[in-house]
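Written out below as structure tokens is the structure these notes cover.
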Amino acid sequence: MESFYLAWINLVENLKILVRVPEEIRDSFWEQLLDNNRRLMTVISILAALVQAVNIFHVLMGSESGLETLNNRIYFAFYCTFLLINLGFLAAQEIFRKKQWKKRQIFLQGGYCAVGVVWNCMLNYYDITKAQDGWNLSVIVTCIMGSAIIVQALPIYALSVYGGASLAFSLAAFPYIQFGGLINVTVAGGMAVIASSARYWYKVKELSQQREIRKINQQLIKEGEELSLSLEKIRLLMDKMDHIIYEWDIEKGQISFSAKWIDKFGEDTQITDDLQWLEQTRCMTSEEKGKLLNGVEKAMEQKKIFEEEIQLTDKEGSTQWYLLRLYFQYGKDGEARSGVGFLINIQKQKEELETLEGEMSRDYLTGVMNRKGIQEYAESELKKKDRDRQMAMILIDLDNFKKVNDRYGHPFGDQVLIRTGERLSEIFRSYGFVGRIGGDEFMAVLAVKDQEELKDRIRELRDRPVLLEQQGEMVKTEFCAGTAVAAPEDTYQTLYQKADQALYKAKNTGRGETYLAG
């Protein structure tokens with residue numbers, strides 16, 4: 001009794017797969033089913049639409065009686081109906097695909113196939129009843145077998161549509177079908193169900209095997225990551241074939257590069273004396289060589305992976321950034337015996353990062369630097385100990401900007417700010433950078449050879465106000481400016497305070513005035 005119960009449970013479990021795809025491969029199955037059916041059904045529906053268009057033309061133009069006879073009108077209705085079905089399917093499929101309605105696509109494809117089979121059954125039934133020819137079963141047989149071969153579906157669908165269609169057709173057309181014809185339709189229906197089910201079982205088995213293979217691969221990858229560095233060398237060489245691979249025998253002082261090394265840098269791929277090569281190579285500057293040596297020694301002492309961004313010059317003389325990574329293998333005494341690593345060109349990533357940093361330091365309205373950007377630039381200039389030019393900071397404020405905003409509106413005020421950024425950049429471009437530090441306040445950080453050159457720039461600032469036309473009148477915006485020259489002990493904050501005090505004195509003097517501290 002217990003064995004019968006287990007057999008029954010096993011049978012039920014096996015029958016479930018007729019109506020439901022195993023959960024572990026469900027997503028992959030429906031993805032492939034949608035993709036395969038969409039391509040094939042698109043071709044079939046286009047061909048079917050063209051055939052129906054030809055049939056309609058034949059009824060209207062090729063037949064002597066046209067639509068005058070009932071028979072022609074019935075055929076005309078058949079052809080028009082199927083033409084509209086195919087066109088509607090093509091349109092709906094494209095809409096569902098673009099909107100990524102996957103479930104609706106599944107129902108649409110299943111419905112289109114079922115409607116196509118029913119339409120062909122009805123057409124063949126009418127042919128038989130009209131011609132009184134029980135052997136003329138080519139339409140129904142071709143349709144059912146063709147659908148089973150072309151359309152990927154669940155066994156329950158095949159049984160319902162192909163088996164149900166052949167059974168319903170046989171019952172309806174029984175009075176007109178000879179015995180041999182009845183056998184043909186029955187066999188066609190059965191073969192269609194078997195063929196469709198076989199395709200389904202094969203696909204389920206294929207996807208299950210692929211899933212198992214992926215699981216095995218994942219397990220192998222996981223185990224591979226836990227192997228010793230000797231196996232890591234092999235994995236690394238396999239994974240990084242697009243980059244320059246190198247192996248370093250530390251004990252023998254030999255380095256072996258992959259073939260791309262000579263293609264890129266024009267140097268021998270086999271180095272027999274690593275220290276001599278490092279001293280003589282032209283692909284690195286002395287600074288980069290020192291950084292490389294210090295970094296490698298430190299990494300070996302700490303038993304870490306060495307990773308460094310370095311600049312290398314190729315055989316064409318182009319200097320670009322590379323990421324160098326080196327894995328060490330240690331002996332039982334804890335000393336590094338060998339290493340393996342790779343070089344990756346990261347010039348593009350460096351340029352993209354610099355562009356991003358530039359955008360983060362730029363004022364969105366005027367295009368000049370923002371407060372963060374101009375402050376960082378000023379701080380970097382102040383840190384330079386060997387300056388052969390004087391550094392100066394100019395704080396610039398627009399006179400009566402609030403009145404301009406109140407009278408002409410904020411959009412016009414924005415135009416004034418934009419033009420101010422352009423004007424200041426024109427005046428100071430050859431001497432430093434300009435930034436907007438808030439509202440109508442700007443800062444210029446300059447490097448000048450002497451105070452006379454600085455005064456020339458201040459005079460030009462005073463003599464070149466912003467002029468813009470608004471509401472039929474010229475609106476003139478002048479600048480107040482306070483300037484301070486950096487002393488050796490100055491920080492950004494102390495220099496800013498000097499320039500701010502100078503600006504305060506300039507404003508107290510009057511509109512369009514400037515003041516140079518010291």
Side-chain angles (χ1 to χ4, degrees), residues 30-131 136-154 157-158 160-162 164-166 168-169 172-173 185 188-189 192 195-196 199:
W30 288 118
E31 286 287 344
Q32 293 191 23
L33 179 141
L34 279 175
D35 187 55
N36 293 338
N37 287 352
R38 179 173 59 248
R39 290 200 300 265
L40 293 171
M41 286 186 175
T42 298
V43 174
I44 295 299
S45 58
I46 292 173
L47 293 176
L50 291 175
V51 170
Q52 303 318 308
V54 171
N55 288 337
I56 291 171
F57 178 81
H58 177 73
V59 172
L60 295 175
M61 308 301 295
S63 174
E64 294 181 359
S65 56
L67 295 177
E68 294 180 3
T69 65
L70 176 62
N71 183 56
N72 281 3
R73 289 197 294 271
I74 291 174
Y75 276 114
F76 181 77
F78 268 115
Y79 301 149
C80 287
T81 300
F82 202 44
L83 175 62
L84 293 175
I85 289 171
N86 284 281
L87 294 177
F89 168 76
L90 288 171
Q93 180 177 241
E94 185 62 19
I95 293 171
F96 291 177
R97 184 185 66 82
K98 288 183 176 180
K99 293 185 176 295
Q100 297 184 347
W101 290 342
K102 293 184 179 181
K103 287 187 177 181
R104 297 186 185 185
Q105 289 183 69
I106 294 172
F107 286 116
L108 176 67
Q109 292 175 357
Y112 172 71
C113 179
V115 169
V117 171
V118 171
W119 182 87
N120 279 278
C121 288
M122 294 175 65
L123 179 63
N124 204 170
Y125 175 78
Y126 180 73
D127 287 339
I128 292 173
T129 57
K130 183 66 180 177
N136 185 19
L137 303 172
S138 58
V139 175
I140 180 64
V141 172
T142 302
C143 173
I144 291 177
M145 289 302 299
S147 298
I149 294 171
I150 294 172
V151 179
Q152 183 177 325
L154 294 177
Y157 177 89
S160 302
V161 175
Y162 309 142
S166 60
F169 180 85
V185 174
S196 182
R199 286 191 64 199

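The CG atom of Leu34 lies 5.0 Å from the CD atom of Gln105; values are rounded to the nearest 0.5 Å. We find the CG-OG distance between Leu40 and Ser45 to be 10.5 Å, quoted to the nearest 0.5 Å. Rounding to the nearest 0.5 Å places OG1 of Thr81 at 6.0 Å from CD1 of Ile85. If you take CD1 on Ile106 and CG on Leu154, they are separated by 9.0 Å, rounding to the nearest 0.5 Å. The distance from the CD atom of Gln93 to the CE atom of Met41 is 8.0 Å, given to the nearest 0.5 Å. The structure places CZ of Arg97 at 9.0 Å from OG1 of Thr42, a figure rounded to the nearest 0.5 Å.
Proximity of Phe57 to Val54: side-chain heavy atoms (C-beta onward) are nowhere separated by under 4.5 Å.
Residues meeting the side chain to side chain contact (heavy atoms under 4.5 Å, CB included) test with Glu31, sequence neighbours left out: Lys102. Looking at residues two or more places apart in sequence or on another chain, you find a side-chain hydrogen bond (donor to acceptor under 3.5 Å, both in side chains) between Asn72 and Ser63, Ser65. Under the rule for a side-chain hydrogen bond (donor to acceptor under 3.5 Å, both in side chains), Ser160 has no partner lying at least two apart in sequence or in another chain. Legend: residues meeting ring pair (Phe, Tyr, Trp, His ring centres under 6.0 Å) with Trp101, ordered by chain and number and at least two apart, are Phe96. Qualifying side-chain hydrogen bond (donor to acceptor under 3.5 Å, both in side chains) partners for Arg104, counting only residues two or more places apart in sequence or in other chains: none.
For residues 36-56, the salt bridge (charged side-chain N to carboxylate O under 4.0 Å, His left out) pairs, not counting sequence neighbours, are Asp35-Arg38, Asp35-Arg39. Residues in residues 83-92 take part in these side chain to side chain donor-acceptor pair (under 3.5 Å) pairs, two or more places apart or across chains: Asn86-Tyr112.
Looking at Val151, Leu108, Ile44 one by one, the single match for side-chain contact (heavy atoms from CB on, under 4.5 Å) with Asn37 turns out to be Val151.
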Contacts table for residues 46-53: side-chain donor-acceptor under 3.5 angstrom, sequence neighbours left out:
none

Please tabulate, for the side chains in residues 73-80, all donor-acceptor contacts under 3.5 angstrom to protein atoms that are two or more places apart in sequence or on a different chain.
residue, atom, partner, partner atom, Å
Arg73, NH1, Leu67, O, 2.8
Arg73, NH1, Glu68, O, 2.9
Tyr75, OH, Asp127, OD1, 2.4

Yes or no on side-chain contact (heavy atoms from CB on, under 4.5 Å) for Cys113 and Tyr162, after CA distance, side-chain angles and deciding distance?
CA-CA 10 Å; Cys113 179; Tyr162 309 142; 3.8 Å; yes
